[in-house]
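Quick caveat: nothing in here was measured; it's all calculated off a predicted structure. So you know, we letter chains A, B, ... as the sequences are listed, proteins then strands, and number each from 1.
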Amino acid sequence: MTMHLRASHRAGGSRRAGSGLRHGESLAGWMFITPMVVILGLFLVIPVGMALWVSFSDWGGRGSPFSSGVEFVGLNNYADVLTGGGLAQQDFGTSLRNNLWYVLLVVPLQTALALGLAAMVNKRVLHGRGFFRTAYYFPSVTSTVAITVLWMFLFSASGSINKVLSWVGINGPNWFNDPDGVLHTVLGWLGISNGPAWMENADFLGVSLWDWISGPSFAMFALILMAVFTTSGTFMLLFIAALQNLSPEVDEAATMDGANAWQKFWKVTLPQLKPTLFTVVTLGIIGCWQVFDQIYTGTQGGPGKTTVTPAYLSYSTAFNNQQWGRGAAISFVLFVIIVVLTIVLRWAFRERPLPRRQRRYYESLVAKKKEAQR
Amino acid sequence: MSAFAVHRHREFNPRRAAASSLVYALLLALAVLYIFPFLIQIATSFKTDADAASNPISLVPEMWTTAAYRRLFLNSDFPIWLKNSVIVTIFVTLGRVFFNSLAGYALSRLRFRGRNVVYGGLVAVMSVPMVVLLIPKFLVINQVGIYDSYAGMILPLLVDASGVFIMKNFFDSIPVSVEEQARIDGAGSFRIFWSIVLPMARPALVTIIILSFQGSWNELSHFIVSAQSPALTTLTKGVASLASGQLSAGTQYPIKLAAAVIMTIPVAVLFFLFQKKIMNSSEGAVKE
């Protein structure tokens, strides 16, 4: 439809007014996009180039990074962070550890919760559907800063969460001031307070293997719950949209086949949601590696550097410590991490032909359905 | 749905009924879990410090007080933050409505040399994670000489790649015939855009308004790297500094939560006004 109309537009335009109009249109086109090109170019494209230069330089934040006093230092900034063996490397390793645990917990939890909410809200007969959708989605529209402030109250030492925990006899942790790893704490209950020697002695990026498996700190854990709280609503909407696009036929056929609701969900609905699952997991992972606002507002990386994320580390290295080259280098390493993860995900979710057994099952379902209709 | 299926639903089935009430119970419990924090937030903002600390769950203050709000408005920089957020949000929203639709229209309808290159660049720019740009943006804003000014806070936000994309997709989806008639009548491109295209684009413009308003009102990181003076602090930055205890000694949760409440009101109003639109637009975005 659009294609056809556009084709006729082209023909009409050139026949009637000739090159004069064409020229006018070209000029108008450029004038229309100039604001966009200037602003995105100046504040998105050029900055990346400039920061790339800074990441290879020893610029200290004074004057222009292009002034003559600024030296090219090659890969030094990257080496400090990745192989230096000093505090810079250790901080970066710690930030990766923190963020890795954040991703490992937030992404599965938010995806599962969003999917569960969508499946329940999307039930064919449901009273108050609008109310439920609104309730679950509302946290997603509010600002991270406001929610972080609220979260710090809820999870304070004598806050709401610990109050609830005390009802069931649990003495809650001092969440935002507790640097202990959740997994280390659980192992501690089992009597394991030190790792085996090979884990204590070996290290990766300046952090011992034992510390890599510490789990998120209690402070980070509170932020993980917050992320699940604020993002599950958005992803729920994506899943609802996908569910509404599924054809009810396959579902009904499976019902006739004697499948119960649970089996139908896992064997029939979920496989059809794969593209949406890819979108949600990808957006989730990309978002999780960019955690910044809640750290800046709530914890500033503390307690004990257990909530420092690469994004926050890059910011504080540059703006607080004036080590601009190193800060820029960290942000480019983060960029690479995000790009690589996106590519890996795309590969993992690529279109594969269904296994033969499953395909046969679908075909038989559809055939049965048709038979029943006849 | 066939009549057969409808009939099956009407039939009373004890197992189905039990499963259904289980789903309701679960949905309701979750809804309480999602809403309760906000109720606590509002209630606590009307409490005294001591009350907030000793009764962190109760939704009814022992003694209602507006001390937190009075302190914020009469005795702190809060009004300045509010003013700055309003200024920035208005300019950014207006700018995005105009520039995004201008660029989206050109990319969708006008033929000019380099259009495909620009479009490719736009798609590439959209995939750059924003957090990576913190240092880079500061560098350019500083170099250009607009650091610590409204210009530095507003200009970089005036166009957003995803908004241009939304507008382009919208124009791709509406027929070109009306504009063609105007063009034959001799109207110029801008004239056509302004008096024919924009009024037709209302649904998409509402989407842009919602997204820009919410985006710039809630924006934090850009204001951190584009300004530092107290006179240019926005709500997000100011409340973040409150959270880390810059205004007051001690915890003073009522003040912090009161600030968070006020900050949430405009987006909440927008959300409830355009609820249907918001829910459907995110659905529509996926369907395409």
Side-chain angles (χ1 to χ4, degrees), chain A residues 2 5-6 9 12 25-26 28-30 32-33 35-36 39-40 42-44 46-48 50-51 64-65 120 132-136 139 141-143 145-146 148-150 152-154 158-160 163 237-238 241 248 252 286 290 292-293 296-298 300 311 315 318 327-328 331 334-335 338, chain B residues 1 5 23 27 31 34-35 37 40-41 53 56-57 99 102-103 105-106 110-113 115 118 125 129 131-137 139-140 143 156 158-159 161 164 172 175-177 180 189 214 218 220-221 236 239-240 243-244 253 256-257 260 263-264 267 271 275 279 282-283 286-287:
Chain A
T2 344
L5 283 168
R6 213 181 294 164
H9 171 203
E25 190 175 326
S26 187
W30 271 102
F32 278 28
I33 60 163
M36 173 189 81
I39 287 176
L40 293 185
L42 189 58
F43 296 108
L44 278 169
I46 294 177
V48 172
M50 223 169 138
S64 161
M120 286 192 292
F132 288 124
R133 288 209 310 192
T134 307
Y136 304 144
V141 296
T142 55
S143 96
V145 174
T148 307
V149 170
L150 171 60
M152 291 183 72
F153 172 70
L154 296 178
S158 61
S160 322
K163 189 85 168 183
L237 288 188
L238 298 193
E252 276 169 32
I286 292 176
Q290 300 198 57
F292 176 82
D293 289 8
Y296 177 90
T297 306
Q300 279 97 43
Y315 160 80
S331 68
L334 177 60
F335 194 7
I338 293 176
Chain B
M1 200 190 299
V23 168
L27 282 174
Y34 274 76
I35 296 171
I40 290 183
Q41 181 178 29
I57 291 192
F99 294 128
L102 209 56
Y105 177 73
L110 302 177
R111 280 161 293 127
F112 53 93
R113 198 184 293 267
R115 185 175 83 168
V118 171
V125 156
V131 147
V132 173
L133 289 168
L134 281 182
I135 298 173
K137 259 204 281 192
L139 294 174
V140 167
Q143 187 84 21
L158 277 186
V159 178
V164 175
D172 281 347
V176 77
S177 46
E180 197 169 56
S189 288
Q214 191 210 354
N218 290 345
L220 170 68
S221 56
T236 43
V239 175
S244 46
Y253 282 114
K256 296 174 186 172
L257 291 173
M263 198 173 163
T264 309
V267 252
F271 175 68
Q275 198 173 349
M279 302 273 199
S282 15
E283 284 170 15
V286 181
K287 269 182 198 162

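Closest heavy-atom contact between B/L139 and A/A51: CD1-CA, 3.9 Å. The two residues A/Y296 and B/L220 make their nearest non-hydrogen contact at CD2-CD2, 3.8 Å. For A/I39 against B/P156, the heavy-atom pair with the smallest separation is CG2-O, 4.0 Å. The two residues A/L150 and B/P37 have their closest heavy-atom pair at CD1-O, 3.5 Å. Contact detail for B/I135 and A/G327: the closest heavy-atom pair is CD1-C, 3.4 Å. What you find for B/K137 and A/F43 is that their closest heavy atoms are CG-O, 3.6 Å.
Note that OH of B/Y253 and CG of A/L154 are 9.5 Å apart. Values are rounded to the nearest 0.5 Å. Interatomic distance, A/M152 CE to B/K256 NZ, rounded to the nearest 0.5 Å: 6.5 Å. B/L27 contributes atom CG, which lies 4.5 Å from atom CE of A/M120 (distance to the nearest 0.5 angstrom).
Side-chain contact check for A/I33 versus B/F112: some heavy-atom pair is nearer than 4.5 Å. The shortest distance between side-chain heavy atoms of A/F153 and B/L257 falls below 4.5 Å. The side-chain heavy atoms of B/R111 and A/S26, taken from C-beta on, include no pair separated by under 4.5 Å. A/M50 places none of its side-chain heavy atoms less than 4.5 Å from the side chain of B/P136. Put simply, the side chain of B/V267 does not reach to within 4.5 Å of the side chain of A/S143, judged on heavy atoms. In this structure, the side chains of A/T134 and B/F271 come closer than 4.5 Å at one or more pairs of heavy atoms.
There is no contact between A/I286 and chain B, counting heavy-atom distances below 4.5 Å. Of the atoms belonging to B/V132, heavy atoms from both backbone and side chain fall under 4.5 Å from chain A. Contact of B/V125 with chain A is made through the side chain alone, with heavy-atom distances under 4.5 Å. With a 4.5 angstrom heavy-atom cutoff, B/Q41 touches chain A via backbone and side-chain atoms both. Contacts between B/I40 and chain A at a heavy-atom distance below 4.5 Å involve the side chain alone, from C-beta outward.
In terms of heavy-atom pairs under 4.5 angstrom with chain A, the leader among B/L102, B/L133, B/V164 is B/L102. In terms of heavy-atom pairs under 4.5 angstrom with chain B, the leader among A/S331, A/A146, A/S160, A/S158 is A/S160.
No donor-acceptor pair closer than 3.5 Å links the side chain of A/T142 to the backbone N or O of B/T264. For B/N218 (side chain) and A/V141 (main-chain N/O), a donor-acceptor pair under 3.5 Å exists by modelled atom type.
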**OP:** Tell me, with the steps shown, if A/F292 and B/L134 meet side chain to side chain contact (heavy atoms under 4.5 Å, CB included).
**Re:** CA-CA 10 Å; A/F292 176 82; B/L134 281 182; 3.8 Å; yes

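Note on ring orientation: taking the six-membered ring where Trp is involved, the planes of B/Y34 and A/Y136 are perpendicular (angle over 60°, cut-offs 30° and 60°).
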